[in-house]
Amino acid sequence: LADFDKAIELQPDDAGNYQRRGRCHQEAKNYPSALADFGKAIELQPSDGNNYYRRGMCHREFKNVPAALADFDKAIELQPSDGDKYYWRGMCHREFKNFPAALADFDKAIGLQPDDAGNYLQRGRCHQEAKNYPSALADLDKAIELEPSKGYYYYWRGMCYKKFKNIPAALVDFDKAIELQPDDASNYWSRGRCYFEMREYQTALNDFNKAIELESDEPHNRAWRGRVHLELNDTASAQEDFNRVESLLKDNGWPAYHVA
């Protein structure tokens with residue numbers, strides 16, 4: 001940063017200096033300073049799509065999705081052959097639940113970068129949220145084919161199988177996700193829910209215990225463990241879990257859990 005400060009002092013009209021310092025701020029998660037630098041770079045060199053792209057990424061970190069979309073639109077207008085820009089605009093559209101626009105962007109990203117597993121993952125998740133599960137599975141299969149070492153790809157495919165009530169296939173994927181990412185509580189929580197549906201309550205309890213060990217303050221981990229305790233006729237432990245859930249949710253206005 002000190003070197004970029006000096007470069008800007010010596011060459012205050014060089015957009016590249018601001019872009020580089022902005023990227024440095026961005027990597028350090030100092031987004032206000034990054035936004036200021038990318039804004040200056042755009043002022044000096046409005047024809048460079050990367051400046052809009054980088055500023056859009058910062059806006060997205062601030063949850064300012066409309067501003068991010070505007071910047072991604074401009075970045076794509078200036079550099080229409082860059083798949084990453086369609087990918088991130090698609091992510092913004094998906095966050096707004098604008099699935100047709102998101103799918104169009106992920107289609108474009110895949111057309112430009114057909115070997116990028118992340119494009120298939122996000123298009124698959126978009127199909128999943130739109131409840132188009134066959135298309136979601138096809139995309140997640142492709143993502144796993146391209147990058148078989150990513151645990152969360154198996155997690156999302158397992159979630160699709162679960163929606164299809166194909167619990168055996170879901171369990172295979174959650175097992176693989178746990179093998180690859182043993183410290184991710186979501187994998188144990190999701191596998192535990194499968195065992196719960198299969199009425200294998202002790203096995204489900206083991207998974208929810210592990211999920212709580214990894215994420216002790218996540219309400220849904222304790223809520224599901226409470227349900228298992230009820231099935232195992234351990235009312236006292238169930239009420240303890242539900243009380244903890246109520247405590248965790250008290251500021252969110254969500255309904256409390258109670259033992260019937």
Side-chain angles (χ1 to χ4, degrees), residues 1-127 129-130 139 142-143 146-147 149-153 156:
L1 278 173
D3 283 341
F4 291 136
D5 289 343
K6 187 64 177 178
I8 287 169
E9 177 187 332
L10 295 170
Q11 297 174 311
D13 296 327
D14 186 331
N17 291 330
Y18 293 96
Q19 185 191 78
R20 286 183 284 272
R21 188 174 69 177
R23 292 186 64 176
C24 191
H25 283 307
Q26 187 177 19
E27 290 175 16
K29 303 187 187 305
N30 181 358
Y31 298 116
S33 295
L35 280 170
D37 275 341
F38 292 134
K40 185 64 176 179
I42 288 168
E43 176 189 327
L44 292 167
Q45 193 174 12
S47 62
D48 187 343
N50 285 320
N51 292 325
Y52 293 95
Y53 170 69
R54 291 285 176 182
R55 189 173 69 176
M57 296 291 283
C58 289
H59 282 309
R60 187 172 178 273
E61 290 291 341
F62 273 136
K63 309 299 182 185
N64 188 349
V65 178
L69 276 172
D71 275 342
F72 292 142
D73 285 345
K74 187 65 177 179
I76 287 168
E77 175 190 327
L78 293 167
Q79 295 176 317
S81 299
D82 187 338
D84 286 343
K85 294 176 173 61
Y86 293 95
Y87 171 92
W88 285 108
R89 189 174 69 177
M91 293 291 284
C92 288
H93 284 309
R94 185 168 69 81
E95 288 165 11
F96 268 166
K97 307 297 182 185
N98 186 350
F99 299 125
L103 286 169
D105 275 340
F106 292 132
D107 287 346
K108 186 68 175 179
I110 287 169
L112 292 167
Q113 299 172 321
D115 295 325
D116 187 327
N119 292 329
Y120 295 94
L121 170 70
Q122 296 304 335
R123 190 173 70 175
R125 290 188 63 189
C126 193
H127 282 309
E129 290 183 38
D139 275 338
K142 184 63 176 180
L146 290 168
E147 285 194 66
S149 63
K150 294 292 182 69
Y152 55 94
Y153 292 1
W156 285 111

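- In this structure, OG in Ser81 is found 7.0 Å from OH in Tyr86, a value given to the nearest 0.5 Å.
- Between the side chain of Tyr120 and the main chain of Asp115, no donor-acceptor pair closer than 3.5 Å is present.
- Ala68 and Arg60 make their closest contact through CB-N, 3.9 Å (heavy atoms, listed as atom of the first residue, atom of the second, distance).
- Nearest heavy-atom pair, Gly90 versus Ala102, reported as atom, atom and distance to 0.1 Å: O-CB, 3.5 Å.
- Rounded to the nearest 0.5 Å, atoms OH (Tyr153) and NZ (Lys142) are 12.5 Å apart.
- Taking CG of Asn17 as the reference point, atom CD of Glu9 lies at 11.5 Å (rounded to 0.5 Å).
- Shown here are the side chain to side chain contact (heavy atoms under 4.5 Å, CB included) partners of Asp37, two or more places apart in sequence or in another chain: Tyr18, Arg21, His25.
- Taking a 6.0 Å sphere around CG of Asp5, one finds it holds more than 12 heavy atoms contributed by other residues, nucleotides or ligands.
- Taking all atoms of both residues into account, the shortest heavy-atom contact from Leu121 to Ala143 is N-CB, 4.0 Å.
- Listed by chain and number, the residues in a side chain to side chain contact (heavy atoms under 4.5 Å, CB included) with Asn119 are Tyr87, Ala109, Ile110, Gln113, Asp116 (sequence neighbours excluded).
- Closest heavy-atom contact between Leu69 and Arg89: CD2-CG, 3.6 Å.
- Smallest separation of non-hydrogen atoms from Pro80 and Leu112: O-CD1, 4.0 Å.
- Rounding to the nearest 0.5 angstrom, the gap separating the NE2 atom in His93 from the CG atom in Asp105 is 5.0 Å.
- Contact annotation: the side chain of Asp48 approaches that of Gln19 to within less than 4.5 Å [non-hydrogen atoms, C-beta and beyond].
- Rounded to the nearest 0.5 angstrom, Asn64 CG and Cys58 SG are separated by 11.5 Å.
- Atom CG of Asp139 sits about 10.0 Å away from atom CZ of Phe106, to the nearest 0.5 Å.
- Checked against side chain to side chain contact (heavy atoms under 4.5 Å, CB included), Arg54 has the following partners two or more places apart in sequence or in another chain: Arg23, Gln26, Phe38.
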